[in-house]
Amino acid sequence: MPRRTFVYGATILLGANLLNRLLGFAYQYLIMTHIGGEAYGLFNMVFPIYMLALVFTTAGIPLAIAKMVAEEVSLGRPYQARSIFHLAFWLLTISGAVVSSALYFLTPYLAHKIFPDPRVLTIFQICTPAIFIVSISSVFRGYFQGLQNMVPTAVSQICEQIIRVVVGYTAALRLLGDGVEWAAAGLAIGMLAGEAVGLLVIVLHYQRAQVTSTESTTSHYSTEHILKQLWHLASPVTLGRLFATGLSALDAMIIPQRLYAAGYSAREATTLFGQLGGSAFTLLTFPSVFTFALATSLVPSISEAAAQRQFHIVRARSVEAIRLTIIIGIPCLIILFYFSRPLTAFFKSSDISPILRILALGGIFSYIQQTTTGILQGLDKVHLPVFHSIIAAILRIPILVYLTGLPQWGLRGTAWAYVIGFVITAILNLLAISRTSGMALDLQRFLLQPFSGGIGMLLIFHILDPILGGHVIGYLCEFSCGFVLYTLILMFNGGISVSDIKRLPWIGKYFKF
């Protein structure tokens with residue numbers, strides 16, 4: 001297999017995630033306009049609990065697989081990599097079956113203690129088989145991630161999203177007549193169908209990729225050794241993901257309750273919570289398709305360099321990843337801030353526009369947080385992002401509880417609490433990478449160059465919006481002009497170079513100068 005750079009892998013995943021996010025945008029639009037914010041709010045209350053169960057099942061093992069496989073392949077031991085995959089496959093198959101079965105049968109007895117709204121019981125029971133399916137899929141994705149082959153993951157994610165959109169919207173629309181909770185159950189059916197198809201696709205890729213190995217198999221790791229390594233790498237990730245999903249579940253309970261305390265009715269609070277997730281966070285997380293792809297590619301890439309003691313490569317890849325995150329994130333956030341009203345109106349949630357503006361102010365720290373977490377995981381410092389998230393949560397949650405419950409703040413207080421959490425975690429991650437790898441924090445490349453391009457972008461929007469604003473074609477023209485000016489400014493000030501373009505798959509080969 002030819003060697004692939006982390007930029008190549010990130011670009012493959014970026015293409016897939018971008019398509020998936022566009023499909024997700026269309027899905028969110030259909031839900032918010034034809035199904036309603038209340039149905040999405042009910043589904044969103046279930047999702048953090050579902051993710052919490054999934055963390056218990058997978059236990060951070062997929063990331064551990066990626067790291068271990070990358071290290072074994074870099075040291076010329078592909079047979080050991082396959083041994084790791086096979087053991088992890090059976091481990092997660094069993095844990096997935098046990099957890100999903102137990103939750104399905106026990107949830108009716110625990111529903112009043114777990115969920116803030118009893119209407120979500122059926123929704124969660126539909127989601128529980130997906131825990132088993134995702135557990136198996138994650139093993140294959142971790143294996144291919146370790147090989148730095150992102151194509152199977154990308155294709156399976158695209159197929160999964162297509163099925164989710166088609167089945168989820170159709171089922172929700174048909175069940176809407178039976179009640180809002182049944183429409184939300186339709187969304188859960190779509191998720192389950194999508195996960196099943198995604199698993200089928202990546203299994204087919206795995207079967208096609210198998211080749212006969214000529215490597216000697218007389219010496220290989222024992223089961224006990226692999227299990228110890230998996231546990232060593234997976235346990236801190238598990239704690240981190242348990243903490244993150246636990247916070248999401250806590251937010252899903254706190255925010256509606258505090259909105260109710262601020263004077264909203266229970267139905268209004270549920271609808272606002274649905275709009276926060278279905279509109280504001282959907283828009284905010286759109287640029288994270290890049291940071292997610294980058295972070296996924298970074299783990300095996302940096303693990304490989306660290307295993308070979310090539311710390312100059314570690315520093316170079318870390319700087320490059322953070323720089324690319326900021327370069328991509330800044331123009332996206334400027335668009336979200338400047339055009340917050342028409343963008344939220346697209347989702348029939350224009351009242352949430354001020355909330356999106358607040359989130360956009362701190363959005364770049366959210367993207368940096370994701371990328372720097374991938375870097376630290378690749379450096380085998382998986383415990384540090386967890387520790388930093390705990391520090392941020394200690395400060396964020398009291399602010400969330402207090403401000404959201406004030407009538408004059410409401411969701412604005414929620415948004416500021418999230419921004420504070422993003423800033424704290426990102427800064428702590430950056431300082432940890434600098435301290436661990438010796439990476440220099442280049443303020444010119446990280447701040448001055450991209451922000452100067454952002455200022456130019458804001459100016460062009462200010463000039464063009466009175467002329468072109470008000471309809472979709474006009475907004476698209478504004479976005480295009482803004483991105484062109486932003487790119488030109490970065491090329492002029494050195495923020496983007498020809499070498500950056502040359503490294504892109506498919507496109508770079510046409511730049512010979």
Side-chain angles (χ1 to χ4, degrees), residues 28 32 37-38 40-45 47-49 51 115-117 243-288 329 333-334 336-341 343-345 347-370 388-428:
Q28 292 297 115
M32 300 302 288
E38 186 179 0
Y40 188 77
L42 288 172
F43 178 73
N44 228 25
M45 287 180 185
F47 202 70
I49 309 296
M51 290 301 298
F115 301 114
D117 191 320
F243 185 75
T245 52
L247 280 178
S248 296
L250 190 62
D251 289 344
M253 292 184 285
I254 289 174
I255 295 171
Q257 290 174 356
R258 296 306 294 164
L259 288 172
Y260 180 75
Y264 296 93
S265 68
R267 176 157 289 187
E268 287 173 337
T270 300
T271 302
L272 281 173
F273 180 68
Q275 290 178 341
L276 177 67
S279 178
F281 272 105
T282 295
L283 290 163
L284 180 70
T285 57
F286 183 83
S288 68
L333 291 169
I334 288 173
L336 293 180
F337 183 87
Y338 196 90
F339 298 98
S340 60
R341 184 161 292 278
L343 287 171
T344 51
F347 292 101
K348 306 296 182 184
S349 306
S350 54
D351 291 342
I352 217 82
S353 170
I355 311 307
L356 178 60
R357 283 195 155 203
I358 295 170
L359 291 171
L361 291 174
I364 193 63
F365 294 98
S366 172
Y367 309 149
I368 292 172
Q369 173 186 334
Q370 192 169 27
H388 299 159
S389 297
I390 291 172
I391 294 173
I394 291 172
L395 297 173
R396 179 179 73 84
I397 291 177
I399 296 172
L400 176 72
V401 172
Y402 177 71
L403 291 182
T404 306
L406 296 176
Q408 65 270 31
W409 284 87
L411 281 183
R412 285 183 174 86
T414 304
W416 279 116
Y418 275 111
V419 167
I420 290 169
F422 297 154
V423 172
I424 293 171
T425 309
I427 290 176
L428 290 176

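Remember, it's a predicted structure, so these values are computed and weren't measured experimentally.
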Worked check of side chain to side chain contact (heavy atoms under 4.5 Å, CB included) between F281 and I352: CA-CA 10 Å; F281 272 105; I352 217 82; over 6 Å; no
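- Between the CH2 atom of W409 and the CG atom of L259 there is a distance of 14.5 Å, given to the nearest 0.5 Å.
- Using a distance-only test at 3.5 Å, with no hydrogens or angles considered, a donor-acceptor pair links the side chain of R258 to the main chain of V401.
- Note that the CG atom of L247 and the CD1 atom of I254 stand 8.5 Å from one another [nearest 0.5 Å].
- Rounded to the nearest 0.5 Å, atoms OG1 (T425) and CD1 (I420) are 11.5 Å apart.
- Summarising the geometry of G421 relative to A392, their closest heavy-atom pair is O-CB, 3.8 Å, with the distance given to 0.1 Å.
- Side-chain contact annotation: T414 with T404, donor-acceptor N/O pair under 3.5 Å present.
- From L356, atom CG reaches atom CG of L361 across 9.5 Å, with rounding to the nearest 0.5 Å.
- Around the CZ atom of R412, the shell of radius 6.0 Å holds no more than 12 heavy atoms that belong to other residues, nucleotides or ligands.
- Remark: F339 CZ is packed, more than 12 non-hydrogen atoms of other residues, nucleotides or ligands lying under 6.0 Å away.
- With values rounded to the nearest 0.5 angstrom, T344 atom OG1 is found 8.5 Å from D351 atom CG.
- Contact of the I391 side chain with the I394 side chain is not registered, since no non-hydrogen atoms from C-beta on lie closer than 4.5 Å.
- Residues L276 and L272 form no side-chain contact, since every pair of their non-hydrogen atoms from C-beta on lies 4.5 Å or further apart.
- In this structure, P398 and A393 approach most closely via the heavy-atom pair CD-O, 4.0 Å.
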Go through L42 and F273 one step at a time and tell me if the side chain to side chain contact (heavy atoms under 4.5 Å, CB included) criterion holds. CA-CA 9 Å; L42 288 172; F273 180 68; over 6 Å; no
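- Atom CD1 of residue I355 and atom CG of residue L283 lie 13.0 Å apart, to the nearest 0.5 angstrom.
- For the pair I427 and I368, the minimum side-chain heavy-atom distance is 4.5 Å or more.
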Verdict with reasoning, L333 to F337, per side chain to side chain contact (heavy atoms under 4.5 Å, CB included): CA-CA 6 Å; L333 291 169; F337 183 87; over 6 Å; no
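- P256 and A269 make their closest contact through O-CB, 3.5 Å (heavy atoms, listed as atom of the first residue, atom of the second, distance).
- Minimum interatomic distance between Y418 and R396 (heavy atoms only, all atoms of both residues): CE2-NH1, 3.7 Å.
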